Amino acid sequence: MALVISSHTYAAEAENDAPQEILVFGSDFDLRGTPVTAAEGIIYDTQLELRPVSRTAELLEFVPGLIATQHSGEGKANQYFVRGFNLDHGTDFALRLDDMPINMPSHGHGQGYADINFIIPELVNQLTFRKGPYYADGGDFATAGSAEFSYADSLEQGLLNLTLGENNYQRLFLGESVDLFAGQLTLAGAVTQYEGPWDRDQDLDSRQALVKYHEASAAREWSLTGMSYLNDWDSSDQIPLRAVENGTLSRFGNVDPTVGGQSRRNSLSFEWQENLSADDQWNFSAYLMDYTLDLYSNFTYFANDPVRGDQFQQADDRRVAGFETEYRRTLQTEIPTEITVGFQNRYDDIDVGLYLTEQRAIYDTVRADNVEQTLNSLYASVQHQWTDRLRSVTSLRADHYSFDVAAGIAANSGSGDDTLISPKLNLIYSPLPKLETFLSAGQGFHSNDARGTVISIDPVSGDPIDGVDPLATARSYEAGFRTSLIPKTQIAVTAFNMRLSSELIYVGDAGNTEAVAPSERTGIEISGLYSPTRWLLFDADVSHTKARLRGVGADDYIGNAPERTASLGMIIDDLDNWSGGIRLRYLGEAPLSEARRPRSEATFLMNAQTTYQFSPSLSVSLELLNVLDSDDQDITYFYESQLPGEAAPVEDIHFHPVEPRSVRVSLQARF
């Protein structure tokens with residue numbers, strides 16, 4: 001939804017008589033900017049601060065219709081749902097931070113794995129989101145949509161944020177910016193420890209650090225950023241419903257008490273923006289990344305090995321390098337025209353493995369491979385302002401994916417490449433000053449795991465197996481509108497249809513993604529903002545999507561693809577030194593297999609937060625998470641598993657519960 005709450009600068013009487021930046025909710029709801037679709041928008045830091053969240057990934061729930069859940073501990077990437085997709089950990093939704101991609105192709109746990117636990121929320125000053133494959137610069141995984149976090153260039157004041165909560169939740173953030181040379185140097189870090197409500201303590205230990213130098217002038221702006229992240233945790237994975245119903249396990253119990261993981265991510269990134277003239281701009285960014293994940297899981301318990309159990313380790317150790325450059329020029333012609341051309345490059349060198357383990361000790365290797373892959377992309381777009389009311393954006397994108405797999409099983413080694421040309425067209429017409437209509441058509445893609453493109457032998461059974469296409473296309477079109485005709489209100493409506501040449505689905509008993517048949521999704525999204533006063537804002541969204549596999553017969557449902565989502569929120573900003581928010585979110589039922597039954601139950605959650613500002617430099621916040629103490633399921637799967645004492649595997653629902661009601665208190669000091 002292309003909705004933005006504007007920030008305006010007003011002269012305010014202060015000790016230094018300087019103007020202050022004030023967020024005004026109800027002052028200006030005129031349509032602004034040049035959106036390509038009705039399903040895009042920008043969220044600013046003030047809104048991010050006022051919404052209650054229990055984990056970093058819930059910041060993505062600002063994207064209308066997107067839900068973030070978890071099934072295996074707070075250190076692992078979250079599970080995402082949007083537009084009728086179970087995105088697993090990011091298979092068809094591209095995530096970025098300051099021009100640096102987050103999704104991991106050919107990942108040990110699933111294609112497109114996108115773990116945002118390394119992001120420090122206090123440093124985020126903007127979240128931009130877009131739906132659909134209609135954007136020239138949207139590449140791998142940007143099919144259902146994309147979102148980009150932007151860190152602040154510097155902190156206006158030093159900031160200390162201390163949070164304590166139930167279940168031994170402890171978090172400390174500390175950051176400050178200082179003037180250095182012609183710019184600002186920012187140092188920031190956060191430490192989080194959390195045991196959780198589980199029968200076995202989660203023992204999460206997360207550490208994040210950032211060093212950033214930023215310079216800006218009228219002609220150019222640049223920054224150099226180093227980030228480090230380390231996390232260690234124990235998991236309480238999804239558990240079988242039958243064990244809870246017969247009293248063998250509590251809702252917060254576990255079958256295998258030794259699952260969990262460790263993750264590390266270090267990066268160095270550089271951004272440069274050059275204003276060559278009033279009509280020309282050049283952007284360049286580059287990054288280096290070192291990343292590892294060791295993840296221990298056990299979803300089927302004793303179905304495959306009644307003695308040692310079914311625990312396995314998924315390992316990913318990679319080095320990533322890439323750069324992007326973009327040139328934008330406004331042509332002074334009779335028809336106002338803007339031309340954009342860009343080039344993107346990414347190289348991954350990956351050591352990836354799957355091992356059988358017992359209490360985190362390896363006793364057999366299923367596969368251990370090295371993958372080298374490169375994605376080179378060239379794009380161009382032309383925007384024409386045909387009349388005051390009619391605008392068009394025409395784009396063409398070319399992607400070349402090349403890879404080389406050195407597999408532990410020689411027959412599964414190989415190399416290859418694939419090229420895809422993707423056209424995109426957007427028409428924007430404004431029949432009235434406060435009404436814009438959109439019509440879009442375009443093609444995007446997600447890459448498939450390089451190992452799956454050259455595989456010839458199943459590493460477990462030894463049976464012959466066919467590889468998949470390197471690039472899977474997503475062809476989509478949509479129509480929508482956004483309007484502010486109703487005073488103090490913005491409304492956006494979008495109807496869409498998308499066809500994928502190959503669906504990536506999450507396989508619950510393997511803990512991985514698998515490419516299957518083509519799919520089709522048709523849906524509608526409605527979202528809106530209403531601000532009756534300068535200090536009060538309501539927002540709401542609802543979506544309905546029909547998701548089906550194509551060409552497979554009667555059993556064509558897509559497992560874990562939710563049909564409906566909804567959310568409702570309220571934010572109060574600076575009312576007699578009080579601020580706060582309340583959030584209700586609904587994740588509807590979903591089929592758990594290609595057959596319509598069984599189905600997951602709907603999940604309904606409410607979070608609330610309030611803040612009192614004692615002075616400009618001191619405030620205290622109270623968060624109440626899961627206000628209604630819901631005992632719903634955070635996520636649900638259906639597959640076979642075998643518990644101790646069972647003679648054979650049993651098909652059953654497996655679920656991860658939402659965390660019970662809890663309270664967190666934060667003290668924030670500026671200096």
Side-chain angles (χ1 to χ4, degrees), residues 45 48 53-61 68 70 72-80 87 89-90 93-105 107-110 112-127 141 146-152 161 163 169-175 186-194 202 204-212 223-233 235 260-271 285 287-295 314-322 346 348 350:
D45 53 352
L48 296 170
V53 296
S54 62
R55 50 199 174 205
T56 303
E58 289 181 8
L59 294 176
L60 286 170
E61 294 188 356
Q70 183 56 274
S72 184
E74 297 301 318
K76 181 181 173 184
N78 289 81
Q79 201 100 3
Y80 309 111
L87 298 166
H89 303 292
F93 199 84
L95 295 174
R96 296 161 62 90
L97 170 65
D98 287 342
D99 288 336
M100 184 166 46
I102 297 175
N103 301 72
M104 300 287 184
H107 189 271
H109 185 63
Y113 186 86
D115 180 3
I116 68 169
N117 286 305
F118 73 94
I119 290 178
I120 303 175
E122 287 90 346
L123 299 178
V124 176
N125 74 338
Q126 183 175 297
L127 171 62
F141 308 115
S146 63
E148 179 163 6
F149 293 91
S150 298
Y151 272 168
N161 193 3
T163 304
Y169 182 89
Q170 305 171 55
R171 184 176 185 276
L172 175 66
F173 167 84
L174 183 63
T186 300
L187 303 174
V191 177
T192 305
Q193 295 182 335
Y194 184 40
Q202 184 174 217
L204 180 134
D205 186 2
S206 170
R207 301 170 188 270
Q208 302 147 284
L210 172 138
V211 179
K212 180 175 184 177
S223 64
L224 181 65
T225 305
M227 288 183 279
S228 180
Y229 165 73
L230 181 64
N231 200 349
D232 189 302
W233 72 96
S235 298
Q262 305 91 30
S263 183
R264 184 192 75 229
R265 186 186 190 278
N266 299 312
S267 67
L268 181 67
S269 59
F270 174 76
E271 292 182 279
S285 62
Y287 54 88
L288 296 170
M289 190 189 314
D290 177 65
Y291 167 88
T292 63
L293 174 70
D294 291 301
L295 184 65
Q314 293 166 312
D316 191 292
D317 184 358
R318 72 176 64 205
R319 281 65 53 197
V320 185
R346 173 172 174 168
D348 288 69
I350 316 161

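Keep in mind it's a predicted model, so treat the numbers as computed, not measured.
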Closest non-hydrogen atom pair between Ile120 and Tyr151, with its separation: N-OH, 2.8 Å

- request: Find out whether Lys212 and Ser223 are in side-chain contact, i.e. whether some heavy atom of one side chain is under 4.5 Å from a heavy atom of the other.
  value: yes

- prompt: If we only count heavy atoms from C-beta on, is the Ile102 to Phe118 side-chain gap below 4.5 Å?
  reply: yes

- line: The reported gap from CZ in Phe93 to CG in Leu87 (rounded to nearest 0.5 angstrom) is 7.5 Å

message: How close do Thr56 and Ile116 get, counting heavy atoms only, and between which atoms?
response: CG2-O, 3.6 Å

message: Using only atom types and a distance under 3.5 Å, with no angle test, would you say the side chain of Gln202 pairs donor to acceptor with the backbone of Trp233?
response: no

field: Close side-chain approach of Met289 and Pro101, heavy atoms under 4.5 Å
entry: no

message: Within this structure, what is the OG-OH distance for the pair Ser54 and Tyr169, rounded to the nearest 0.5 Å?
response: 9.0 Å

task: Nearest 0.5 Å please: distance from the CG atom of Leu230 over to the CG atom of Asp205.
output: 7.5 Å

field: Heavy-atom closest contact (Pro121 atom, Arg171 atom, distance)
entry: CD-NH2, 3.7 Å

statement: Correct closest heavy-atom pair for Leu48 and Gln126 would be CD1-N, 4.5 Å

- request: Kindly compute the distance separating CG (Leu127) from CD (Glu61), expressed to the nearest 0.5 Å.
  value: 12.0 Å

statement: Between Ala68 and Tyr80, the two heavy atoms sitting closest are CB-CD2, 4.1 Å

query: With a 4.5 Å heavy-atom cut-off, do Leu293 and His107 have their side chains touching?
result: yes

- prompt: Side-chain contact, heavy-atom cut-off 4.5 Å: Ser235 with Lys76?
  reply: no

message: Quick one, Arg346 and Val320 - any side-chain contact, counting heavy atoms below 4.5 Å?
response: yes

Closest heavy-atom pair and its distance - Ser150, Leu97: N-CD1, 4.4 Å

task: Would you indicate whether the side-chain heavy atoms of Tyr287 and Thr225 approach each other to under 4.5 Å?
output: no

- request: State, yes or no, whether a side-chain contact exists between Tyr291 and Ser263 at a heavy-atom distance under 4.5 Å.
  value: yes

message: Using a 3.5 Å distance criterion without hydrogens, assess whether the side chain of Asn231 forms a donor-acceptor pair with backbone atoms of Leu204.
response: no

query: Checking side chain to side chain donor-acceptor pair (under 3.5 Å) for the pair Asp317/Thr292: CA distance, chi angles, key distance, verdict?
result: CA-CA 4 Å; Asp317 184 358; Thr292 63; 5.7 Å; no

message: What verdict does the side-chain contact (heavy atoms from CB on, under 4.5 Å) test give for Leu224 and Leu268, after you've listed the backbone C-alpha separation in whole Å, the side-chain angles of each residue and the deciding distance to 0.1 Å?
response: CA-CA 7 Å; Leu224 181 65; Leu268 181 67; 4.0 Å; yes

- request: Report the distance from atom CG of Asp115 to atom CE of Met104, rounding to the nearest 0.5 Å.
  value: 8.5 Å

message: Check whether Asn103 reaches the backbone of Gly90 with its side chain - one donor and one acceptor, N or O, closer than 3.5 Å.
response: yes

task: Might you work through the side-chain contact (heavy atoms from CB on, under 4.5 Å) test for Asn78 and Arg55, ending with a clear yes or no?
output: CA-CA 10 Å; Asn78 289 81; Arg55 50 199 174 205; 3.6 Å; yes

query: Between CG of Asp98 and CD of Glu148, what distance do you get to the nearest 0.5 Å?
result: 6.5 Å

task: Give a yes or no answer on whether the side chain of His89 reaches the backbone of Ala114 with a donor-acceptor pair at less than 3.5 Å.
output: no

